[in-house]
Amino acid sequence: MPLDKVIFNWAQAAGFTHVGRLERSALRFLPEVREMCASDRCRSYGRNWTCPPACGSLEEITARAAHFGRGILLQSTGTLEDDFDLDSMLEAERLHKERFLRLLDRLDASGEPVLPMAAGGCTLCERCTYPGAPCRFPRRAAPSMEAYGLWVSRVCEDSGLPYHYGPRTITYTSCILYDTDDKRG
Ligand code: SF4
């Protein structure tokens with residue numbers, strides 16, 4: 001089966017609510033997005049191996065992306081009771097991260113080279129080991145799309161996938177780049 005189809009099937013099996021092709025031309029690595037990390041609004045800057053500055057400079061991490069020619073967008077949408085329904089927001093985030101790891105683990109086991117970009121910084125450990133010790137799970141920890149300088153809503157729109165799914169919903173978006181070489185024939 002072609003690799004594209006395998007990854008799409010696995011993504012759907014992982015439970016994402018929306019899955020779509022990521023247009024390679026939609027990947028614009030913007031310094032201004034990356035600079036927002038430094039404002040530390042999410043309290044992860046300089047505290048996590050997957051976030052700046054530990055994840056590498058914009059030039060360094062976008063050079064990694066140059067090796068991959070295709071990508072898939074992965075979304076989880078949750079329904080909110082009202083605009084302040086924090087419990088449902090957190091539950092949607094938890095489900096999204098769980099699905100993302102399920103797919104990543106499956107791809108890792110398959111040996112396919114991939115480049116994952118998460119929604120937000122890594123929260124696998126209660127407290128990140130940065131900077132005193134190496135990452136505990138380097139094969140599962142992934143920098144966010146924002147750490148790559150990606151404007152997530154634009155990437156979705158430029159790829160033909162919505163970013164919002166209407167009032168009283170919240171959507172988390174990640175992506176995975178993969179190799180253009182189809183080794184499955
Ligand atoms: S897996 Fe743990 S140590 Fe590694 S980046 Fe995530 S939180 Fe930090």
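Note that ligands are numbered from 1 as they come in the structure, with each ligand's atoms numbered from 1 the same way. Computed from heavy atoms alone, side chains included, the values below leave out hydrogens, waters and symmetry copies.
Remark: E98 engages R102 in a salt bridge, criterion side-chain N to carboxylate O under 4.0 Å. Salt-bridge annotation for R94 and E91: present, with a side-chain N of the basic residue lying under 4.0 Å from a carboxylate O of the acidic one.
When each of L104, L107, L74, D108 is paired with P116, the side chain to side chain contact (heavy atoms under 4.5 Å, CB included) condition holds for L104 and for no other.
Not a single donor-acceptor pair under 3.5 Å links the side chain of S76 to the backbone N or O of A92. Formation of a donor-acceptor pair under 3.5 Å by the Y172 side chain with backbone atoms of M89 is found in this model.
Within the protein, the number of N/O/S atoms found under 2.8 Å from atom 4 (Fe) of ligand 1 is 1.
Atom CG of L177 is separated from atom NE2 of H67 by 11.5 Å, given to the nearest 0.5 angstrom.
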